[in-house]
Amino acid sequence: MAGEPAEERREHLFKVLVIGELGVGKTSIIKRYVHQLFSQHYRATIGVDFALKVINWDNQTLVRLQLWDIAGQERFGNMTRVYYKEAVGAFVVFDVTRGSTFEAITKWKSDLDNKVHLPGGGPIPAILLANKCDQKRENSTQNPTYMDHFCKEHGFVAWFETSAKDNVNIDEAARCLVDNILANSKNFPVEENDVGNVQLDQEPLQAESKSQCC
């Protein structure tokens, strides 16, 4: 009706971690998602790197994703606790051409769950990315049924086969993660420019496989 104030636009700033073994393609995924670029020749990330993605989620919602690219060689050291602080979501990445990077996933997820939590004590939503799906995979156990079971068992909200090179499922995975984060935060006030003041519900939105987030 004429004279009624327009609905206020909500703005969110969310800190999202991108973690996994050295060389699985974390930096390439971020570069593809944020800048729509791909290169074969990224240098290994030392410590931590940052990128910002601004998303017009809907007419009333603007989301700023602060993506933290955590170096694979940091492993599970003490510094990761500092890097993880105040994160509200995570991508955990492995390389389908290197089975050892998949075997390390449980350690990365356990480390994540030990070092960062939602205010109610629950785990932050994490999505598993099976990266480099444009290449020949090494581990035949990485079929959809097995991956669905693996994600349910280890507390991932979803998984996606991704390729930074061919731009496969990067945007879809990010939308799924933001969906989960927003589901946690929608009933709480948000301090617009302070990640530390983002308040979240305890339980993330559950999704067992990639088909449930598309």
Exercise. Hey, is the main chain of Lys107 close enough, under 3.5 Å, to the side chain of Asp111 for a donor-acceptor pair?
Worked result: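 No; zero donor-acceptor contacts below 3.5 Å.
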
Exercise. Are the side chain of Lys26 and the backbone N or O of Glu21 linked by a donor-acceptor pair below 3.5 Å?
Worked result: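 Confirmed, Lys26 side chain pairs with Glu21 backbone.
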
Can you sort out the partners of [X] under side chain to side chain donor-acceptor pair (under 3.5 Å), two or more places apart, ordered by chain and number?
| X | value |
| --- | --- |
| Asn59 | none |
| Lys109 | Asp113 |
| Asp171 | none |
| Thr61 | Asp58 |

Problem set entry | Same apolar cluster: Phe94 and Val168, side chain cutoff 4.5 Å |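 Not linked; separate clusters.
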
For this session: Using the side chain to side chain contact (heavy atoms under 4.5 Å, CB included) rule, take Val96 and Glu161 through it: C-alpha gap first, then chi angles, then the decisive distance, then the call.
Result: CA-CA 9 Å; Val96 299; Glu161 288 188 331; 5.8 Å; no

Closest approach of [X] to [Y] (non-hydrogen atoms, all atoms of both residues):
| X | Y | value |
| --- | --- | --- |
| Lys15 | Tyr83 | NZ-O, 2.6 Å |
| Glu103 | Thr106 | O-OG1, 3.7 Å |
| Ile181 | Pro125 | CG1-CG, 4.1 Å |
| Val34 | Ala51 | CG2-CB, 4.1 Å |
| Ala126 | Leu112 | CB-CD2, 4.1 Å |
| Glu86 | Val116 | N-CG2, 4.4 Å |

Going from [atom1] on [X] to [atom2] on [Y], what distance comes out if it is rounded to the nearest 0.5 angstrom?
| X | Y | atom1 | atom2 | answer |
| --- | --- | --- | --- | --- |
| Lys53 | Leu65 | NZ | CG | 9.0 Å |
| Leu177 | Ile124 | CG | CD1 | 8.5 Å |
| Ile105 | His154 | CD1 | NE2 | 10.0 Å |
| Leu128 | Trp108 | CG | CH2 | 13.5 Å |
| Ile55 | Phe14 | CD1 | CZ | 9.5 Å |
| Leu182 | Arg175 | CG | CZ | 9.5 Å |

For this session: For Ala173, check side-chain contact (heavy atoms from CB on, under 4.5 Å) against everything at least two apart and list the hits.
Result: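 With sequence neighbours excluded, Ala173 shows a side-chain contact (heavy atoms from CB on, under 4.5 Å) to Phe91, Leu129, Phe160, given in chain and number order.
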
For this session: Kindly state each residue pair satisfying salt bridge (Lys or Arg N to Asp or Glu O under 4.0 Å) with at least one member in residues 122-134, sequence neighbours excluded.
Result: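 Checked against salt bridge (Lys or Arg N to Asp or Glu O under 4.0 Å) - neighbours excluded - the pairs reaching residues 122-134 are Asp95-Lys132.
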
Exercise. Angle class for the Phe156/Phe150 ring planes (parallel below 30°, perpendicular above 60°, tilted otherwise)?
Worked result: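 Rings of Phe156 and Phe150: parallel, under 30°.
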
For this session: Evaluate the side-chain proximity of Asn167 to Gln36: yes if any heavy-atom separation is below 4.5 Å, no if none is.
Result: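 Yes - at least one pair of side-chain heavy atoms lies under 4.5 Å apart.
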
Exercise. Taking side chain as C-beta onward, heavy atoms only, is Val24 less than 4.5 Å from Asn131?
Worked result: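 Of all side-chain heavy-atom pairs linking Asn131 with Val24, none is under 4.5 Å.
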
Problem set entry | Candidate pair Asn184 and Val88, rule side chain to side chain contact (heavy atoms under 4.5 Å, CB included), full reasoning | CA-CA 9 Å; Asn184 288 328; Val88 296; over 6 Å; no

Problem set entry | Criterion side chain to side chain contact (heavy atoms under 4.5 Å, CB included) on Arg10 and Gln60, from CA distance to verdict | CA-CA 6 Å; Arg10 296 292 300 268; Gln60 283 79 44; 5.7 Å; no

Exercise. Checking side chain to side chain contact (heavy atoms under 4.5 Å, CB included) for the pair Phe50/Ile30: CA distance, chi angles, key distance, verdict?
Worked result: CA-CA 9 Å; Phe50 310 90; Ile30 292 172; over 6 Å; no

